[in-house]
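Notes follow once the structure below has been shown.
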Amino acid sequence: YPLKHPKQQDWSFAGPFGHYDKGQLQRGLKVYTEVCAACHSMKLVPFRTLGELGYSEAQVKAFAANYEVQDGPDANGEMFTRKAVPSDYFPSPFPNAEAAAASNNGAAPPDFSLIAKARAVERGFPQFVFDMFTQYQESGPDYIYSLLTGYEEPPAGTKIPQGAHYNPYFNAADVLAMPKPLSDGQVTYDDGAPATVDQYSKDVTAFLMWAAEPHLEERKRTGFMVMVFLAIFTVLIYLTKRSVYANKE
Ligand code: HEM
């Protein structure tokens with residue numbers, strides 16, 4: 001069966017003035033913590049960066065303390081576990097890669113630190129030059145959203161292997177090892193946002209984009225100022241050229 005193209009979404013972080021919606025990121029963190037973190041780690045993201053989502057230092061400390069991390073060796077050369085502090089990273093729920101694969105029918109759940117960037121489409125030269133201005137910038141988030149909302153009944157007559165789940169948005173095959181992770185009402189929001197698979201998927205995707213590119217807003221702001229500068233500079237250079245080459249007496 002043909003794989004489906006990701007469903008294009010309107011993301012708050014799209015476009016030259018794109019910005020993250022902090023309320024959405026906080027909801028996304030909740031979905032990640034309560035659902036996805038049972039299988040997916042985020043080993044490059046330290047708890048301290050959650051301050052950027054609008055949490056106080058005390059809240060970040062309390063959040064980190066919910067996790068246990070490996071540390072050591074201590075004075076006796078032993079490894080030990082301790083409560084996480086803000087400088088620690090989102091740990092893996094599995095002790096090692098073999099255990100992760102073994103508990104998921106041989107397919108280890110990928111780490112989430114860069115997944116929103118890693119699953120983006122890159123079309124190569126020359127399209128990538130123009131893709132700076134197209135929806136391909138958000139193809140990673142579009143893909144994750146589509147995957148999460150894309151579980152459906154397989155077409156009649158399809159044989160689904162044991163432990164696999166049908167999803168035509170998965171980019172490698174039409175089945176994957178991840179069972180449908182979200183269902184309506186599963187996560188409680190306290191800001192009145194709808195408790196639906198659609199909303200959860202958007203929120204956790206936005207959160208994963210933030211995790212993969214926390215400095216997106218700054219990058220876009222700087223890029224815009226660079227373009228303004230180049231525009232003004234072009235005019236100045238043109239006027240200089242006219243003056244230098246003018247047919248003066
Ligand atoms: C793969 C997202 C929850 C197990 C993936 C992928 C994404 C993802 C984006 C990568 C697909 C690809 O390679 O293109 C999420 C999100 C979750 C979630 C956002 C929470 C809402 C879970 C849970 C489990 C799980 C709870 C375990 C029960 C897996 C496995 C794979 C996977 C085993 C590898 C699938 C394969 O390669 O066949 N997930 N996931 N995920 N996830 Fe999740």
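Note that ligands are numbered from 1 as they come in the structure, with each ligand's atoms numbered from 1 the same way.
Within the 4.5 Å cutoff, the side chain of Gln24 has heavy atoms near those of the Lys202 side chain.
Here is the list of ligand 1 atoms found below 4.0 Å of a heavy atom in Leu176: 38 (O). Of all atoms in ligand 1, listed by their number and element, those nearer than 4.0 Å to a heavy atom of Leu182 are 21 (C). Numbered from 1 in the order shown, with element, the atoms of ligand 1 that lie under 4.0 Å from a heavy atom of Asn104 read 27 (C), 33 (C).
Relative to the six-membered ring of Tyr169, Lys7 meets both conditions, a distance below 6.0 Å and an angle of at most 45° to the axis.
Residue Phe112 touches ligand 1 through its side chain alone, judged by heavy-atom distances below 4.0 Å. The proximity of Pro109 to ligand 1, defined as any non-hydrogen pair under 4.0 Å, involves the side chain as well as the backbone. Only the side chain of Tyr143 comes within 4.0 Å of ligand 1, judged by heavy-atom distances. Heavy atoms of Cys39 found under 4.0 angstrom from ligand 1 belong exclusively to the side chain. The proximity of Ala164 to ligand 1, defined as any non-hydrogen pair under 4.0 Å, does not occur for either the backbone or the side chain. The residue Asn105 has no part lying near ligand 1, judged by heavy-atom distances below 4.0 Å. Looking at Leu147 against ligand 1, only its side chain comes within 4.0 Å, counting heavy atoms.
A centroid separation of 6.0 Å or more is found between the aromatic rings of Tyr151 and Tyr166. For Tyr32 and Phe90, the ring centers sit closer than 6.0 Å to each other.
For atom 36 (C) of ligand 1, the nearest protein heavy atom (residue, atom name, distance) is Ala177 N, 3.6 Å. Of all protein heavy atoms, the one lying nearest to atom 3 (C) of ligand 1 is Pro181 CB, 3.6 Å. Protein heavy atom in closest approach to atom 5 (C) of ligand 1: His40 CE1, 3.4 Å. For atom 10 (C) of ligand 1, the closest non-hydrogen atom of the protein is Pro110 CG, 3.8 Å. In terms of protein heavy-atom proximity, atom 33 (C) of ligand 1 is nearest to Ala107 O, 3.2 Å. With respect to atom 8 (C) of ligand 1, the closest heavy atom belonging to the protein is Met178 CE, 3.5 Å. Among protein heavy atoms, the minimum distance from atom 21 (C) of ligand 1 is reached at Cys36 SG, 2.8 Å. Arg119 NE, 3.2 Å is the protein heavy atom nearest to atom 12 (C) of ligand 1.
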Which is it for Asp184 and Tyr200 under the side-chain hydrogen bond (donor to acceptor under 3.5 Å, both in side chains) test, yes or no, and what are the steps along the way? CA-CA 9 Å; Asp184 288 346; Tyr200 295 153; over 6 Å; no
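Heavy atoms of Phe170 approach ligand 1 to within less than 4.0 angstrom.
Counting all heavy atoms, side chain and backbone alike, Ala116 lies closest to Pro141 at O-CD, 3.9 Å. The heavy-atom pair separating Phe47 from Tyr89 by the smallest distance is CE1-O, 3.8 Å. Here the closest heavy-atom approach between residue Gly18 and residue Lys220 is recorded as N-CD, 4.2 Å.
Just one residue in the list Ile144, Asp142, Leu147 forms a side chain to side chain contact (heavy atoms under 4.5 Å, CB included) with Pro6, and that residue is Asp142.
Using modelled atom types, one side-chain atom of Ser201 and one backbone atom of Val197 make a donor-acceptor pair closer than 3.5 Å.
Not a single N or O atom of Ile115, backbone or side chain, sits closer than 3.5 Å to an N or O atom of ligand 1.
With hydrophobic clusters built from ILVMFWY side chains whose heavy atoms lie under 4.5 angstrom apart, Phe207 shares a cluster with Tyr67.
Remark: Asp111 does not engage Lys43 in a salt bridge, criterion side-chain N to carboxylate O under 4.0 Å.
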